[in-house]
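To keep things clear, I will list the structure first and then write my remarks on it.
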Amino acid sequence: MKLLKIAIVLVLSSLCFSVLNKYRKLTLPKSYTEVDSLDIMLADAKMKLPANSTIGFRTNAPVGRQDVLYFKSALVLAPIVVGRGENDTMLLIQDHQFPALPLDQYECIHNGGGKYLNYSLVRIKE
Amino acid sequence: MLNFALVAAILTLFFGAGFYLNKKHPLAGCLNYPIAFAVTVALIGYLYYLSLLFVVSYDFLLICIILIPASFLIPSLLREKGLAFSLPKCRGAGNMLILAIGILILTLRFNKQLHRWGDWDAWAIWTLHAKFLFYPEYWSNMFTNKLSGSHPDYPLMLPSLIAFMWRGVGFVTPIVPMIVASLVCVAVPVTLFLALNRFDRRFSAIFSVFVLALDAKFINIAGSQYADTLVAFFILVTFVLYREVKNGSGPTVVFLLGFIAGSTTWVKNEGLLFFLVFSCAFIFFHYRRPETAIRYLAGGLAPVLILMHFKVAFAPENDLINSGRGSDILSMIVNPARYMLIAKHVFVTSINYYWILLVLLAGLVIQRTSFLTTLPFIVFALMLSGYFVIYLTTPNDLDWHLGASLDRLLHHIYPACLYLALLRLSSNSGGRLNMPDYQV
């Protein structure tokens with residue numbers, strides 16, 4: 001009986017160790033995903049926008065990737081509402097690999113970028 | 001400081017619910033704790049949403065969550081002079097060791113699946129909604145058609161749970177959804193094990209834990225950080241409580257059955273279908289005992305009222321219901337290709353991921369166990385019929401819709417089916433396919 005109890009404690013200890021070790025690894029920068037890199041990239045944009053604002057979203061990424069970037073940006077910027085398509089204020093995310101979106105019709109409020117993506121917070125010109 | 005208050009609130013609620021259940025239904029023993037976990041999750045989900053709705057401060061919410069169960073616990077502790085009064089003994093340390101080994105295997109496999117922010121629906125729907133709920137001044141920003149791809153009409157139990165913990169931690173971190181997913185993933189096999197062990201089906205209990213611990217699909221869906229495993233857990237607990245009610249437990253358990261069944265509606269829209277079907281079947285089976293039916297309905301009343309308020313006051317239109325396809329429905333219904341496609345997906349998904357249920361079902365047929373007129377079978381049959389109708393009339397591309405969701409819909413009923421099939425298979429003492437009884 002005593003041995004069984006020791007065995008249970010050992011199993012539960014290894015369970016706790018494996019869980020804590022996993023969470024420790026997941027907090028390291030090498031475990032970061034695209035949401036985290038967007039969070040870092042858009043940190044300044046978040047500061048420029050009021051929390052109850054609604055902005056539009058456009059990207060030059062191909063169709064399959066547009067949804068990915070849209071939802072990840074929406075998660076990063078919430079509670080700001082990021083809607084698809086045009087709005088007075090827009091978030092434009094540009095992937096370096098693809099032809100850039102024309103910015104003639106916009107007035108830039110802020111921009112920044114990372115290794116693969118850059119962004120512009122813009123307002124439609126009057 | 002708020003971190004400690006958060007942990008204290010969760011633990012007080014959990015142990016308060018556990019001790020209360022032990023007092024009201026001592027025969028269930030350790031099984032009361034998974035049920036207490038379900039009650040804790042549901043209550044946090046509701047209370048956090050209500051605190052946002054009624055603009056109650058987070059600190060005050062935590063104080064209420066700590067004080068209300070504590071006001072029940074402390075007098076009990078003083079009366080019983082010690083903690084030993086209601087920590088039930090689980091039968092056999094050997095059983096517990098096997099359960100712990102099963103959970104260790106499950107956790108090691110689960111950890112391999114786990115990554116920050118989860119899979120698509122986790123960051124596009126559940127965590128996104130939680131992020132809105134994290135901001136008490138702006139949480140209702142979410143209810144706009146501009147976010148329609150994120151389904152803001154989905155119920156809020158999982159987002160509320162995540163936001164409640166984020167508020168306690170003080171910042172948004174992907175660790176919280178991962179912890180919630182881990183706890184729910186572990187809660188399913190633990191509940192299965194204890195529910196089967198409660199009726200001395202020890203072999204079945206151990207078998208069920210190892211089936212889930214080795215089931216790559218179960219772990220994959222649980223690790224995705226979606227709300228599907230939470231629905232599966234609530235459906236499982238509903239049937240566990242239903243078995244307790246059938247076993248002659250008191251009125252508290254009937255009330256709790258209504259509350260837990262009703263709470264599936266607050267997890268996912270599919271939970272609403274389950275609650276409707278289960279409630280109709282439960283009332284039909286208990287129409288000669290109106291007091292039982294009334295207690296059940298009383299338990300389900302609060303969850304349903306909260307959901308109805310949410311759907312009426314906040315939730316935008318559901319894309320499946322309000323897609324404006326009225327004239328197309330007839331052509332969808334009479335198109336045999338759609339039936340064939342659904343049948344093909346059901347066949348392939350069942351064979352690939354849920355074959356164990358087919359084997360158990362075959363066992364029941366071989367054993368000539370009569371299960372066709374039982375409440376669980378009727379509930380599952382009606383639920384699957386409901387899913388079939390939804391697929392048949394979906395405005396989305398049918399092949400895509402089936403591929404994207406059928407495995408998760410079957411995941412909702414998988415643990416409950418496993419529980420009921422194993423209970424049935426191992427309970428027929430006169431049968432021809434009796435499971436061996438594991439002895440410690």
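Residue numbers start from 1 in every chain, and the chains themselves are labelled A, B, ... in the order their sequence lines are given, proteins ahead of strands. Only this structure's heavy atoms are used, side chains among them; waters, hydrogens and symmetry mates stay out.
- Proximity to chain A involves both the backbone and the side chain of Tyr138(B), based on heavy atoms less than 4.5 angstrom apart.
- Here the straight-line distance linking atom CH2 of Trp117(B) with atom OG of Ser31(A) works out to 13.5 Å at 0.5 Å rounding.
- Rounding to the nearest 0.5 Å gives a distance of 11.0 Å between CD1 of Ile55(A) and NZ of Lys146(B).
- Expressed to the nearest 0.5 Å, how far CD1 of Ile8(A) lies from CD1 of Ile101(B) amounts to 9.0 Å.
- Annotation: Lys48(A), atom NZ; neighbour count of heavy atoms from other residues, nucleotides and ligands within 6.0 Å does not exceed 12.
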Step by step, would you call Val19(A) with Ser182(B) a side-chain contact (heavy atoms from CB on, under 4.5 Å)?
-> CA-CA 9 Å; Val19(A) 169; Ser182(B) 307; 6.0 Å; no
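- Heavy atoms of Val76(A) lying under 4.5 Å from chain B belong exclusively to its backbone.
- Of the atoms belonging to Ile103(B), heavy atoms from both backbone and side chain fall under 4.5 Å from chain A.
- When heavy atoms are compared at a cutoff of 4.5 Å, Ile179(B) approaches chain A by way of both its backbone and its side chain.
- Relative ring orientation between Phe71(A) and Trp120(B) is described as perpendicular, the plane-to-plane angle rising above 60° on a 0-90° scale split at 30° and 60°.
- With hydrogens and angles ignored, the 3.5 Å screen pairs no side-chain donor or acceptor of Lys72(A) with any backbone N or O of Trp123(B).
- If you take NE2 on His115(B) and OG1 on Thr33(A), they are separated by 7.5 Å, rounding to the nearest 0.5 Å.
- Closest approach of Leu147(B) to Ala74(A), counting heavy atoms only: CD2-CB, 4.5 Å.
- Proximity to chain B (any heavy atom under 4.5 Å) is shown, for Asp67(A), by both the backbone and the side chain.
- In this structure, Leu4(A) CG and Met96(B) CE are separated by 11.5 Å, a value rounded to the nearest 0.5 Å.
- To the nearest 0.5 Å, atoms OG1 (Thr54(A)) and CG (Asn141(B)) are separated by 7.0 Å.
- Proximity to chain B (any heavy atom under 4.5 Å) is shown, for Asn21(A), by neither the backbone nor the side chain.
- The shortest non-hydrogen separation linking Ala78(A) to Tyr135(B) is O-CE1, 3.7 Å.
- For the pair Leu26(A) and Leu114(B), the minimum side-chain heavy-atom distance is below 4.5 Å.
- By the 6.0 Å contact criterion, CZ on Phe98(A) is enclosed, its count of non-hydrogen atoms from other residues, nucleotides or ligands being greater than 12.
- Between chain B and the options Thr27(A), Asn52(A), Asp36(A), Asp39(A), heavy-atom pairs under 4.5 Å are most frequent for Asp36(A).
- For Asn111(B) (side chain) and Lys22(A) (main-chain N/O), no donor-acceptor pair under 3.5 Å exists by modelled atom type.
- Enclosure of atom CZ in Arg123(A) is not indicated, since only 12 or fewer non-hydrogen atoms of other residues, nucleotides or ligands lie within 6.0 angstrom.
- Looking at Ile80(A), only its backbone comes within 4.5 Å of chain B, counting heavy atoms on both sides.
- No more than 12 heavy atoms of other residues, nucleotides or ligands sit less than 6.0 Å from atom CG of Leu3(A).
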